[in-house]
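In what follows, a structure is listed as structure tokens, so that the remarks can point back to it.
The structure displayed is predicted, hence computed values, not measured ones.
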Amino acid sequence: MRGVIMESAGVVRVEERDDPRIIEPTDAVIRITTTCICGSDLWPYRGVVPVHHQVMGHEYLGVVEQIGSAVTTLHVGDHVVGSFCISDNTCEICRAGYQSRCVHGEFVSQHIGTQAEKARIPYADGTLVAMPGKPDADLIPSLMATSDVLGTGWFGAVAAGVGKGSSVAVVGDGAVGLMAVLAAKQLGAERIIAMSRHPERQQLAREYGATDIVEERGDAGAERIKQMTGGLGVQCAVEAVGTEQSLMQAVDATQPGGHVGFVGVAHEGVALPMDKMFAAEVHLFGGPAPVRRFLPELIQLVWDRKINPGKVFDLTLPLERAAEGYKAMDERTAIKVLLTL
């Protein structure tokens, strides 16, 4: 089969890989119908984290081709959405709603790589969710978003305590940040402030429910939000970038007693100044999103056409042109790239 390999920073190729096969009775093999490039894929692409001949991809839609003898909730021919984290969905941690930290968990990006024609999915019953049927073509981008960015943005909003009447700031205007805006609207937020400097992303944020746009960053951005909220700050903030500046911007924009949900992937060198955190007196909660917890609800919202997260995909390319997609996202000429097979 064909699959995307990142040979080294900035070097992306599509190469022949071995076809997957059933190894454990809990496995399923799926034919991938759609995949995409994630903002987190840019960390190795830019050399922020080391990479050498790495299989790529962790967001995916597919059709079940084979199932192991212990798989009970899926059937050959099912159209499925998969989480970017493998989970059995039965362990104590999964039952508490944190499937991204399952005792049997692993990241799909580590060893599986779904920017490919096929994939073996361990713990298929706990990782894959069957759609109600074969999806209409126009729903594909939105269903693709549920596999990661929508679920991650949704978790960010939930972690930030967003509810009916909340005031919310979203730091980050990439796909996850835009999905956090959508989620905040769906969860009942009254005021949603999107922090963005890019007109096309600002427009999409407004379509998803943003009531205000703030272009300033860092201390200036936090101060602008306080000016807009009577000097208090927002009740809830979602951080969707992964840098120290973005996280502190979210913290500084939040009023004492408020909540910050962080879902941006942080890397080495990102640290929190504990004196400022002590003085801020905010709740801080986040990490890798337990997308599997939200998948059934999010798939149904898309299927019923109540939300349209697929608008975050503004460039579609065939798998063989994946390198162009990485370049476009790196240069910020695309928000998120859909890869077709």
(request) State whether Arg321 and Glu324 are salt-bridged, where the test is any N-O pair (Lys NZ or Arg NE/NH1/NH2 against Asp/Glu carboxylate O) under 4.0 Å. (result) yes
(request) Please indicate whether Glu190 has more than 12 foreign heavy atoms, meaning atoms of other residues, nucleotides or ligands, lying under 6.0 Å from its CD. (result) no
(request) Report, as yes or no, whether the 6.0 Å neighbourhood of atom CZ on Arg217 holds more than 12 heavy atoms from other residues, nucleotides or ligands. (result) no
(message) Less than 3.5 Å apart, any donor N or O on the side chain of Glu239 or Ser246 sitting next to an acceptor on the other?
(response) yes
(message) I'd like to know if Asp173 pairs up with Arg332 as an ion pair, taking the criterion as any Lys NZ or Arg NE/NH1/NH2 lying under 4.0 Å from an Asp or Glu carboxylate oxygen.
(response) yes
(request) Applying side-chain hydrogen bond (donor to acceptor under 3.5 Å, both in side chains) between Thr73 and each of Asp78, Asp125, Asn89, report the one that passes. (result) Asp125
(request) Could you tell me whether Arg101 atom CZ has more than 12 heavy atoms of other residues or ligands within 6.0 Å of it? (result) no
(request) Check for a donor-acceptor pair, side chain of Arg293 on one end and backbone N or O of Gly97 on the other, with a separation under 3.5 Å. (result) yes
(message) Any side-chain to backbone donor/acceptor pair from Ser100 onto Cys85? Under 3.5 Å, distance only.
(response) no
(message) Let me confirm one number: the NE2-CD1 distance from His79 to Ile299, rounded to the nearest 0.5 Å.
(response) 13.0 Å
(message) Quick test of your reading of the model: are Lys336 and Glu59 salt-bridged, counting only N-O distances below 4.0 Å?
(response) yes
(request) Please name all residues satisfying side chain to side chain contact (heavy atoms under 4.5 Å, CB included) with Gln300, sequence neighbours left out, ordered by chain then number. (result) Pro132, Trp303, Asp304
(message) Tell me whether Asp138 is salt-bridged to Arg305, with the criterion being a basic N under 4.0 Å from an acidic carboxylate O.
(response) yes
(message) Count I, L, V, M, F, W, Y as connected when their side-chain heavy atoms are under 4.5 Å apart, and connections chain through other members. Are Phe278 and Leu284 then in the same cluster?
(response) no
(message) If we ignore hydrogens and angles and just use 3.5 Å, is the side chain of Thr35 paired with the main-chain N or O of Thr114 as donor and acceptor?
(response) yes
(message) Would the distance check show the side chain of Thr152 and the main-chain N or O of Val176 forming a donor-acceptor pair, the cut-off being under 3.5 Å?
(response) no
(message) Checking the side chain of Ser167 only, and the main-chain atoms of Arg191 only, is there a donor and an acceptor separated by less than 3.5 Å?
(response) no
(request) Ignoring hydrogens and angles, tell me if any N or O in the side chain of Gln249 forms a donor-acceptor pair with the backbone of Gly218 under 3.5 Å. (result) yes
(request) Applying side-chain hydrogen bond (donor to acceptor under 3.5 Å, both in side chains) between Glu215 and each of Arg197, His198, Gln202, Arg224, report the one that passes. (result) Gln202
(message) Looking at every non-hydrogen atom in both residues, tell me the closest pair between Val302 and Leu139 and how far apart they are.
(response) O-CD2, 3.6 Å
(message) Please determine whether the number of non-hydrogen atoms from other residues, nucleotides or ligands lying under 6.0 Å from atom CG of Asp219 exceeds 12.
(response) no
(request) Mind telling me whether Phe155 and Tyr98 have parallel, tilted or perpendicular rings, with 30° and 60° as the class edges? (result) perpendicular
(request) For this output row, return yes or no: ring centroids of Phe285 and His259 closer than 6.0 angstrom. (result) no
(message) With rounding to the nearest 0.5 angstrom, report the CG to NZ distance, Asp252 to Lys226.
(response) 6.0 Å
(request) Check whether any side-chain N or O of His283 sits under 3.5 Å from a backbone N or O of Gly258 as a donor-acceptor pair, and report yes or no. (result) yes
(message) Please determine whether a side-chain nitrogen of the Lys or Arg among Arg2 and Glu16 lies less than 4.0 Å from a carboxylate oxygen of the Asp or Glu.
(response) yes
(message) I'd like to know whether Leu204 forms a side-chain contact (heavy atoms from CB on, under 4.5 Å) with Lys311, so could you lay out the CA-CA distance, the side-chain angles of the two residues, the decisive distance to 0.1 Å, and finally the verdict.
(response) CA-CA 8 Å; Leu204 191 50; Lys311 288 183 180 181; 3.8 Å; yes
(message) Give me the atom names and distance for the closest heavy-atom approach of Ala124 to Val71.
(response) CB-CG2, 4.3 Å
(request) Ignoring hydrogens and angles, tell me if any N or O in the side chain of Thr146 forms a donor-acceptor pair with the backbone of Leu143 under 3.5 Å. (result) yes
(request) Can you spot which of Arg120, Gln66, Glu65, Glu117 makes a side chain to side chain contact (heavy atoms under 4.5 Å, CB included) with Pro20? (result) Arg120
(request) Output yes when a side-chain donor or acceptor of Tyr60 lies under 3.5 Å from a complementary backbone atom of Lys118, and no otherwise. (result) no
(request) Check step by step if side-chain contact (heavy atoms from CB on, under 4.5 Å) holds for Asp148 and Cys38. (result) CA-CA 9 Å; Asp148 182 353; Cys38 183; 3.7 Å; yes
(message) Heavy-atom count check: over 12 atoms from other residues, nucleotides or ligands less than 6.0 Å from Glu92 CD?
(response) no
(request) Output the distance between atom CZ (Arg201) and atom CG (Asp314), rounded to the nearest 0.5 Å. (result) 7.5 Å
(message) Quick one: does any side-chain atom of Thr26 pair with a main-chain N or O of Ala70 as donor and acceptor, under 3.5 Å?
(response) no
(request) Measure the acute angle between the ring planes of Phe84 and Phe107, then classify it against the limits of 30° and 60° as parallel, tilted or perpendicular. (result) parallel
(request) Answer yes if the side chains of Gln186 and Tyr208 hold a donor-acceptor pair under 3.5 Å, and no otherwise. (result) no
(message) For Gln54 and Glu7, which I'm curious about, is there any donor-acceptor pair between the side chains at under 3.5 Å?
(response) no
(request) Quick one: closest heavy-atom pair of Leu150 and Leu182, and the distance? (result) CD1-CD2, 4.0 Å
